[in-house]
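Computed over heavy atoms, backbone and side chain alike; hydrogens, waters and symmetry mates excluded. Heads up: numbering here begins at 1 and tracks the sequence.
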Amino acid sequence: MGMQPDSTGRLSPVPGYLSEQIHVMVALHPADNLPEVYVKEYPKLLDSSDMGPPEWSIIAQDIFDNYNRFDGFVVIMGTDTMAYCASAVSFMLENLGKPVIFTGSQVPIHRASSDARRNLLSSLRVAASLRVPEVCIFFEQVLLRANRSRKCDAGSFRAFDSPNFPALATLGLELRPRPDLFLRAPPPGRRLAVQGGMGARMVVVKMAPCFDVGALLRLATAGYETCRAVVLELYGTGNAPSADPRFHQALRAARSHGMVVVVTSQCARGSAVPGTYAVSQELERAGVIHALDMTTEATCAKLAYLFSKGVAEDQLARLMQTSLRGEVGPAPISLAAASPAASSPTPSPGAEPCP
């Protein structure tokens, strides 16, 4: 949002520039009843591609340290890893009772066509007026649950989507919230806590028809000392190839070495569901965890959070499929588990059953 062209014409963060612009924007809109704003700018500004667990922890700790001073918080960062960071912060902040709104822009604020002013001023308004006790992303007039969001478009102002959960609020001429979708506020007396020490020792692997299974086997047999978890983005509802025995050999090797294996879907919408198709049965036997309808971003953040909590392995699968911050829905009924009458539904007009 606060980037400007450097001497080579490439965009890079400029210290102090965005903080100055925020105060100017608020001062220019006295009739809009914008909240009083305090801006904290970090000494070292980073592209979001360089942000990871250490930076997530700093953000969460700052919110914790200043929690009683403010009614809400707005976090401004680059969009590329915003869904990862916001998802992680949603888990790290326990017993959150105030809004934490992440926002940014697709076009820097110095450009006439920038979406920065609208996103920023609207996020301030939401953080000050809406009693939504959770971490959210506000972008292009839509408020989304952070751990349900992902960046879906690199070339549009509507950069973020929540494929498996409705928007928490939309902003047009007026703010239209959906309080029935908000997480419940913590009971009185429950104090905010922050969980640090988020682990980052995991690998995300996306399956493709030309996938090098040997590479996964080498990771499972030689990488377990440094890699604690593997997140597999598989086809459809979590299907994997069954013709090459090395794939399942790799999964069994990973599990035997104590690595956690989690399956997500490559599809933006829908769930990774165990047992839907025969080719996925071997995954269950190997002891993998299906992430259901969680995004890959939320899956990685939740794994890191549970690792930091020291959760025992025998509890990990249950907690990964249990909603902690509204990040996952209930497991759908798989076709394999359905009754005969329910297992052959009549397709909707124009729809075709697909694997």
When you measure from the side chain of S271 to the backbone N and O of V273, does any donor-acceptor pair fall under 3.5 Å? no
Identify whether V204 and M320 are in the same connected component of the hydrophobic contact network (ILVMFWY, side-chain heavy atoms under 4.5 Å). yes
Heavy-atom donor-acceptor pair, S156 side chain to A159 backbone, under 3.5 Å: no
Residue pair P133 / L96, side-chain heavy-atom distance below 4.5 Å: no
Cluster link F73 to L183, ILVMFWY, side chain under 4.5 Å: no
Can you find a heavy atom in the side chain of T170 that is under 4.5 Å from one in the side chain of L143? no
Sorted by chain and residue number, the salt bridge (charged side-chain N to carboxylate O under 4.0 Å, His left out) partners of D65 (sequence neighbours excluded) come out as none
Working for side chain to side chain donor-acceptor pair (under 3.5 Å), residues T296 and E233: CA-CA 8 Å; T296 297; E233 288 192 346; 2.6 Å; yes
According to salt bridge (charged side-chain N to carboxylate O under 4.0 Å, His left out), who are the partners of E94, at least two apart in sequence or on a separate chain? K309
Across all chains, not counting sequence neighbours, the salt bridge (charged side-chain N to carboxylate O under 4.0 Å, His left out) partners of D50 are none
L234/T264 under side chain to side chain contact (heavy atoms under 4.5 Å, CB included): CA gap, chis, key distance, verdict: CA-CA 6 Å; L234 299 183; T264 66; over 6 Å; no
For G326, does its backbone N or O pair with a side-chain atom of R145 as donor and acceptor, under 3.5 Å? yes
Once rounded to the nearest 0.5 Å, what's the spacing between atom OG of S48 and atom CE of M77? 5.0 Å
Please report the interatomic distance CG(L192) to NZ(K98), rounded to the nearest 0.5 Å. 9.0 Å
How would you list all residue pairs meeting ring pair (Phe, Tyr, Trp, His ring centres under 6.0 Å) that involve residues 191-234, not counting sequence neighbours? Y224-H257
Interatomic spacing from OG in S149 to CD1 in I137 - rounded to 0.5 Å: 4.5 Å
The side-chain hydrogen bond (donor to acceptor under 3.5 Å, both in side chains) partners of E41 (sequence neighbours excluded) come to S19
Tell me whether the guanidinium CZ or amine NZ of R158 lies under 6.0 angstrom from the six-membered ring centre of F139 and within 45° of its axis. no
Listed by chain and number, what are the salt bridge (charged side-chain N to carboxylate O under 4.0 Å, His left out) partners of K44, not counting sequence neighbours? none
Taking only residues at least two apart or on different chains, which pairs with a member in residues 314-328 satisfy salt bridge (Lys or Arg N to Asp or Glu O under 4.0 Å)? K302-E327
If you look at every heavy atom in V26 and L34, which pair is closest and at what distance? CA-CD1, 4.1 Å
Path from L45 to M51 over hydrophobic side-chain contacts below 4.5 Å: no
So, does D71 use its side chain to make a donor-acceptor pair with the main chain of A128 at under 3.5 Å? no
Salt bridge (Lys or Arg N to Asp or Glu O under 4.0 Å) contacts in which one or both residues fall within residues 241-266, not counting sequence neighbours: D244-R246, R252-E282, R255-E313
Could you walk me through whether V328 and T322 pass side chain to side chain contact (heavy atoms under 4.5 Å, CB included), step by step? CA-CA 7 Å; V328 63; T322 300; 5.9 Å; no
Work out which heavy atom in C300 is nearest to a heavy atom in M202; give both atom names and the distance. O-CE, 3.6 Å
Side chain to side chain contact (heavy atoms under 4.5 Å, CB included), that's the test. Do I76 and I22 meet it? Break it down for me. CA-CA 11 Å; I76 303 168; I22 292 173; 3.7 Å; yes
Candidate pair D62 and Y42, rule side chain to side chain donor-acceptor pair (under 3.5 Å), full reasoning: CA-CA 11 Å; D62 272 344; Y42 292 109; 2.6 Å; yes
For the OG atom of S308 and the CE atom of M92, what is their distance to the nearest 0.5 Å? 7.5 Å
Please write out which residues are connected to F157 in a hydrophobic cluster, directly or through intermediates, given that two of Ile, Leu, Val, Met, Phe, Trp, Tyr count as joined at side-chain heavy-atom separations below 4.5 angstrom. V107
Going through the checks in order, is the side chain to side chain contact (heavy atoms under 4.5 Å, CB included) test met by F102 and V89? CA-CA 10 Å; F102 279 72; V89 172; 4.0 Å; yes
Just wondering, are more than 12 heavy atoms of other shown residues or ligands nearer than 6.0 Å to CZ in R131? no
Are I63 and L93 side-chain neighbours, meaning at least one heavy-atom pair lies under 4.5 Å? yes
Taking only residues at least two apart or on different chains, which pairs with a member in residues 76-89 satisfy salt bridge (Lys or Arg N to Asp or Glu O under 4.0 Å)? D80-K151
If I take atom CG from residue L168 and atom SG from residue C136, how far apart are they, to the nearest 0.5 angstrom? 5.0 Å
For Q61 and I58, indicate whether the former's side chain and the latter's backbone hold a donor-acceptor pair under 3.5 Å. no
Are the side chains of P163 and R150 in contact, using a 4.5 Å heavy-atom criterion? yes
Under 3.5 Å donor-acceptor, T103 side chain and F138 backbone: yes
Taking all heavy atoms of L130 and all of P177, pick out the closest pair and write down the distance. CD1-CB, 3.7 Å
Show the nearest heavy-atom pair for residues T295 and N147, with the distance to one decimal. OG1-O, 4.1 Å
Criterion salt bridge (charged side-chain N to carboxylate O under 4.0 Å, His left out) on D161 and R148, from CA distance to verdict: CA-CA 8 Å; D161 186 21; R148 287 289 196 158; over 6 Å; no
Can a donor-acceptor pair be found, under 3.5 Å and without considering hydrogens, that links the side chain of Q321 to the backbone of H290? yes
In this structure, would L217 and V288 fall into the same cluster of hydrophobic residues linked by side-chain contacts under 4.5 Å? no
Atom of A169, atom of L175 and distance for their closest heavy-atom approach: CB-CD1, 4.2 Å
Tightest non-hydrogen contact, residues A220 and A254, listed as CB-N, 3.7 Å
Quick one, L251 and L232 - any side-chain contact, counting heavy atoms below 4.5 Å? yes
With a 4.5 Å limit on heavy-atom distance, are the side chains of V142 and F160 in contact? no
Would you call P209 and Y235 a side-chain contact if the rule is heavy atoms closer than 4.5 Å? yes
Under a 4.5 Å cut-off applied to non-hydrogen side-chain atoms, are L120 and M25 in contact? yes
Contacts of N95 meeting side-chain contact (heavy atoms from CB on, under 4.5 Å) (sequence neighbours excluded), chain-then-number -> P186, R190
Just grab all the salt bridge (Lys or Arg N to Asp or Glu O under 4.0 Å) pairs involving residues 105-129, residues at least two apart or on different chains. R118-E140
Does R201 use its side chain to pair, donor to acceptor, with the backbone of T226 at less than 3.5 Å? yes
